[in-house]
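Okay, so here's the structure we're looking at.
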Amino acid sequence: MHFIIKNGRILDNSGTEKKADILIQDGIITKIEENIKHETAQIIDARGNLVSPGFVDLHIHLREPGGEHKETIETGTKAAAAGGFTTVAAMPNTKPVPDQPEQMEWLQNRIKETASVRVLPYASITARQAGKELTDFEGLKQAGAFAFTDDGVGVQSAGMMFEAMKKAAALGASIVAHCEDNTLIYKGALHDGEFAKRNGINGIPSVCEAVQIARDVLLAEAADCHYHVCHISTKESVRVVRDAKKAGINVTAEVTPHHLLLSDSDIPELDTNYKMNPPLRGSDDRQALIEALLDGTIDFIATDHAPHTKEEKAETIQLAPFGIVGLETAFPLLYTRFVETNDWTLKQLLDYLTIKPCEAFNLPYGKLEVGSPADLTIIDLEEEKEIDPETFLSKGKNTPFGGWKCKGWPIATIAQGQLVWERERINA
């Protein structure tokens, strides 16, 4: 199928906006110039709006198999498309865990059957994510594993992590880590800060995360492995990653929109929509994360989209599950808070959501150029509206951002050359 996106604006490499049409043929961008004509191509009218590379989110939870009451590959990827994401990487904390090649093959087939956008599935580092036995790295990679992670739990044994890194390095694969020392969690539900103390809630200290990152960067250096830190949240963690990069260690890191936008002082009450792991930290941590993203210590933004049911989130703050959804609100939240305020340029934000995650993992996506896959998002930067969780395509409505007024909303998404989502008809 051939498309021409007409009447759009794109950013060039310098961040300057210009008018351009985009011709898409057989899933590839084949021409970018003004006033393209093609006799058989269908027209998509961008209506003067921004056309961006499709966003890339390398940390989401689709819950399938085993958690279909929270989310499915179908509903989660529809939510991704509505948020402008055309490539997502799905974490393996499902039931069963994709810890065997046969399970990975099943998952790949399910993705082909039901996904709206490109899904890169992670395999687990250890069997059942139990931290006791390494999985078949080679077999899982051959079956299509994107990278290896036990996300949701930290790998507690240094020896186990070192052996995993050596196996991954031999395959040219990455180790992706949720960093948390279990002996330092203290049954915590929130950050070990003033809000937790004031409300008599056990707190999770910052060192719980930072000490495991410090361990792992040294192991990665010894194993010569690419090591990626999930959802970094503390100033101490930032310092460790910054020092590791200066030492030449192959480490990358991501940060979530909620850790850039909120701190524990913003929690209004014992509202479980503010409970996530890692927790919202102090305001000094939040500022350190912003600075680290700007100076390149943190490489990119990922949502950690984590849907739960209303019933699960209706539990007490101690018992409710960790996590919030993020796919459908990431861009407008970040655009409103950082670009509209002139703290960031539009190009910086787009880079954090497109080319930067792809560079970290050597992926051929996140670019708007001739010869690239036709993964594109059309965004109305002027539209302003309130976030309404009840309109989400995700099954999960668990967000602390309900009612926030934001500008910059995706209106259509093209993934792998197919128009997979449009808010209203733009395809002539």
Side-chain angles (χ1 to χ4, degrees), residues 5 7-12 14-20 44-57 78-86 255-263 266 268 273 286-287 289-290 293-294 300-305 324-356 366 368 375-394 397-414 421-426:
I5 301 177
N7 306 314
R9 295 178 294 118
I10 66 174
L11 293 188
D12 64 19
S14 69
T16 302
E17 287 191 21
K18 64 180 184 181
K19 294 179 180 178
I44 294 176
D45 188 355
R47 303 173 186 169
N49 290 304
L50 179 73
V51 183
S52 161
F55 305 150
V56 177
D57 190 344
K78 284 180 178 177
F85 290 91
T86 55
V255 65
T256 70
H258 44 277
H259 286 108
L260 294 170
L261 293 163
L262 297 169
S263 63
D266 295 308
N273 283 323
R286 187 178 77 86
Q287 189 56 43
L289 296 172
I290 294 170
L293 187 62
L294 291 172
F300 60 86
I301 296 170
T303 68
D304 192 11
H305 174 83
I324 65 171
V325 293
L327 284 168
E328 294 170 77
T329 57
F331 184 85
L333 281 167
L334 295 165
Y335 179 79
T336 302
R337 168 58 185 86
F338 293 107
V339 179
E340 281 284 289
T341 57
N342 295 314
D343 290 336
W344 300 350
T345 66
L346 177 58
K347 186 175 189 306
Q348 282 177 302
L349 174 55
L350 292 178
D351 284 354
Y352 295 143
L353 292 171
T354 58
I355 192 63
K356 296 282 189 181
L368 202 171
D375 298 330
L376 302 166
T377 298
I378 303 174
I379 308 164
D380 186 343
L381 295 178
E382 298 304 316
E383 182 184 18
E384 186 173 39
K385 64 178 181 178
E386 287 188 358
I387 293 172
D388 179 4
E390 295 308 312
T391 67
F392 290 171
L393 297 186
S394 170
K397 317 300 179 189
N398 46 307
T399 176
F401 298 114
W404 283 41
K405 188 174 285 188
C406 297
K407 288 180 73 174
W409 291 88
I411 61 173
T413 301
I414 296 161
W421 176 80
E422 54 183 336
R423 198 177 63 206
E424 56 190 54
R425 189 161 181 81
I426 63 171

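Computation of the quantities below employed the complete heavy-atom set of this structure, encompassing side-chain atoms and omitting hydrogens, waters and symmetry-equivalent molecules.
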Across all chains, not counting sequence neighbours, the side chain to side chain contact (heavy atoms under 4.5 Å, CB included) partners of T336 are C406, K407
Looking at [X] and [Y], what are the two nearest heavy atoms and their distance?
X    : Y    : value
T377 : G54  : OG1-CA, 3.6 Å
A82  : P410 : O-CB, 3.8 Å
A79  : L327 : O-CB, 4.1 Å
D12  : S14  : OD1-OG, 2.6 Å
P257 : A330 : CG-CB, 4.1 Å
G8   : V51  : CA-CG2, 4.0 Å

Set out, in order, the CA-CA distance, both residues' side-chain angles and the distance that settles side-chain contact (heavy atoms from CB on, under 4.5 Å) for R337 and D343, then state yes or no. CA-CA 8 Å; R337 168 58 185 86; D343 290 336; 2.8 Å; yes
_As a quick check of understanding, evaluate side-chain contact (heavy atoms from CB on, under 4.5 Å) for D375 and F55, giving each step before the final call._
CA-CA 8 Å; D375 298 330; F55 305 150; over 6 Å; no
Backbone of E384 reached by a side-chain donor or acceptor of K405 within 3.5 Å
no
Spatial distance of atom [atom1] ([X]) from atom [atom2] ([Y]) [nearest 0.5 Å]:
X    : Y    : atom1 : atom2 : answer
N49  : L381 : CG    : CG    : 7.0 Å
I414 : W421 : CD1   : CH2   : 12.0 Å
K78  : T413 : NZ    : OG1   : 14.0 Å
L261 : R286 : CG    : CZ    : 7.5 Å
H258 : T329 : NE2   : OG1   : 10.0 Å
E422 : I378 : CD    : CD1   : 9.0 Å

Item to complete: Measure up the W344 and Y352 rings against each other and bin them: parallel (under 30°), tilted (30 to 60°), perpendicular (over 60°).
Response: perpendicular
Give me the ring orientation class for Y335 and F331: parallel if the planes are under 30° apart, tilted from 30 to 60°, perpendicular past 60°. parallel
- Message: Could you walk me through whether T86 and L376 satisfy the side-chain contact (heavy atoms from CB on, under 4.5 Å) test, starting with their C-alpha distance in whole Å, then the side-chain angles of each, then the deciding distance to 0.1 Å, before giving a yes or no?
- Response: CA-CA 7 Å; T86 55; L376 302 166; over 6 Å; no
Close side-chain approach of [X] and [Y], heavy atoms under 4.5 Å:
X    : Y    : result
R423 : W409 : yes
T354 : F300 : no
I324 : P400 : yes
Q348 : L293 : no
L333 : I387 : yes

In V56, T303, I301, the residue satisfying side chain to side chain contact (heavy atoms under 4.5 Å, CB included) with L353 is I301
query: Do L260 and I290 pass the side-chain contact (heavy atoms from CB on, under 4.5 Å) test, and can you show the C-alpha distance, the side-chain angles, and the key distance before you say yes or no?
result: CA-CA 6 Å; L260 294 170; I290 294 170; 3.9 Å; yes
Above 12 or not: heavy atoms from other molecules or residues under 6.0 Å from NZ of K397?
yes
Exercise. Please indicate whether K385 has more than 12 foreign heavy atoms, meaning atoms of other residues, nucleotides or ligands, lying under 6.0 Å from its NZ.
Key: yes
